[in-house]
2 protein chains.
Amino acid sequence: MLEKDFRQVSCSTCHQRKENLLGGLGCDEISHIEDHKSCNYYKKNQSLFIEGSYPRGVFCINEGRIKIYKRGNEGKEQIIQIAKGGDLVGFRAMFSEDVYKVSAETLEECNICFISREDFLSLMDSNPTLRKGIIKELSTELADRANFITNMAQKSVRERLAFSLLLLMDIYVGEPINLSREDMANFVGTATETLIRLLKDFKEEAYIETHARKITVLDRNKLMSIAGI
Amino acid sequence: MLEKDFRQVSCSTCHQRKENLLGGLGCDEISHIEDHKSCNYYKKNQSLFIEGSYPRGVFCINEGRIKIYKRGNEGKEQIIQIAKGGDLVGFRAMFSEDVYKVSAETLEECNICFISREDFLSLMDSNPTLRKGIIKELSTELADRANFITNMAQKSVRERLAFSLLLLMDIYVGEPINLSREDMANFVGTATETLIRLLKDFKEEAYIETHARKITVLDRNKLMSIAGI
DNA sequence: AGTAAAAAATGACAATCGTCATAGAAAACG
DNA sequence: CGTTTTCTATGACGATTGTCATTTTTTACT
């Protein structure tokens, strides 16, 4: 449970910022953001933005996890990415000068700051380090997605589930993976029933254990060999 | 068939350049590239770069088409993108300061210019228009790939084939689509045999016609409704 | 042009996976 | 604390799709 006074976060002391794309900012730049940003508390399952709307700025996650997803034709979500504390979200659409092509929604309680489009773009104009960081981030994500596409096309659901569990371990560091079965299925790219059946297999083979919806990985190496990495 | 004298292309008169990311360059910048770039003729099925190697610059396609692909664990290719005349290729890995995560190979005879990493990066430092163009391009491609992932996860092979044929129409403008069945299958993300069977269905339903390996779309609207767009 | 090699096409078959229906467990809520 | 609702789990079944084997067509090469 998040503290109430957590809701107003200071950029200058934010430990998340020091590790992320905004880590290289100067004091004056930070205080400028500090004065202009807004900081909000979000409940679980709240929407940050939806496909088709115009971006007005970027979201900087201080605490909590969110899903970035796209809806297919029948309305089914495909989760493209799960972002966590420290991640910047929603800047891609801003650069493409177009509407959002994906939606974002909190998976749990979150504290999230918001920096306006104008502030962020002017920061990028004046700060080459930030600029390079952003370009590098975009490029790295493109490579990740090429990999995601290849996995989708060539791996079985079982292999993709093993792969996804390993990815989720890096998102839920030190804690059990805590996603609804439907969200997990939409991340792996399968039907909820199929996902549940395969989780059961993994449980019986003792690669994972579950407590209610929470999943703990017991045999990381085995999952890696199933995932083919 | 490409003319021999096509092989040395001048940037200042290049009609491709005027339409692409390098369209906003100044005269001095162009002449600098002109002096430093190299220009090469490639045969069909020649490699531009492969996964795992370090990028030394960017490729600017003057004429011809190339495939960008990633190999899955069993060695099967997944085609991520097909680039054509005017496209810049291979700059993502350069920005991520890492090895290529994909490979590139010509699909036909090509004329391709090469600009070194140093030249290109310094051009980006000095030219804000180019920089913005690159960032926009990266962002747009990220959105495209989110869509690609969703299609892979949620559409049937038949739907993906219809979708792919529509994409290929934009790559083979005014000419029939000319890809090997294996490459098409690796683009759609299916087995070659399955692809051939579905092409046969489309042929029998008169949505396409084929002459040898070449495919002409007859009923664009029908394909759109199958693809779900 | 003629032959060799590669690519495309077809057939048969099995398995993965999605869908629908329903039961059971957990969570939410007054 | 019990009731409602949501989520998870399981069963049955069929369709889509991948694999292997083989034939036919096209392309490449001398």
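Order of the sequence lines fixes the chain letters, A, B, ..., with proteins taken first and strands second; residue numbering starts at 1 for each chain.
- Nucleotide D:dT16 holds its C1' atom 12 Å from the CD atom of B:Glu159, rounded to whole Å.
- Between the P atom of C:dA7 and the NZ atom of B:Lys214 lies a distance of 17 Å, rounded to the nearest Å.
- The only member of B:Tyr100, B:Phe95, B:Phe49, B:Phe91 that meets side-chain contact (heavy atoms from CB on, under 4.5 Å) when paired with B:Pro55 is B:Tyr100.
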- Worked verdict on A:Lys70 versus A:Glu77 for salt bridge (charged side-chain N to carboxylate O under 4.0 Å, His left out): CA-CA 6 Å; A:Lys70 188 164 181 77; A:Glu77 295 178 6; over 6 Å; no
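- Among the nucleotides D:dT8, C:dA9, C:dC17, the one closest to the side chain of A:Val157 is C:dC17.
- Separating the CD atom of B:Gln154 from the P atom of C:dC17 is a distance of 16 Å, rounded to the nearest angstrom.
- C:dT10 atom C1' lies 14 Å from atom CZ of B:Arg181, rounded to whole Å.
- Nearest heavy atoms, A:Cys110 versus A:Ile66: SG-CG2, 4.0 Å.
- Distance A:Asp201 CG to D:dA9 C1': 13 Å, rounded to the nearest Å.
- Taking the charged nitrogens against the carboxylate oxygens, A:Lys203 and A:Glu209 have no contact shorter than 4.0 Å, which rules out a salt bridge.
- In terms of position along DNA chain D, the nucleotide closest to A:Thr210 lies nearer the 5' end than the nucleotide closest to the other residue of the pair B:Lys44 and A:Thr210.
- In this structure, the NZ atom of A:Lys200 is 13 Å from the P atom of C:dA25, given to the nearest Å.
- Remark: B:Glu182 CD is loosely packed, at most 12 non-hydrogen atoms of other residues, nucleotides or ligands lying under 6.0 Å away.
- Comment: B:Arg65 does not engage B:Glu109 in a salt bridge, judged by the lack of any side-chain N to carboxylate O separation of less than 4.0 angstrom.
- In this entry the distance linking CG of A:Leu199 with P of D:dT10 reads 11 Å, nearest Å.
- A heavy atom closer than 4.0 Å to some atom of DNA chain D occurs in A:Glu193, A:Ile196, A:Arg197, these being the qualifying members of residues 187-198 of chain A.
- Rounded to whole Å, the distance from CZ on B:Arg213 to C1' on C:dA6 is 11 Å.
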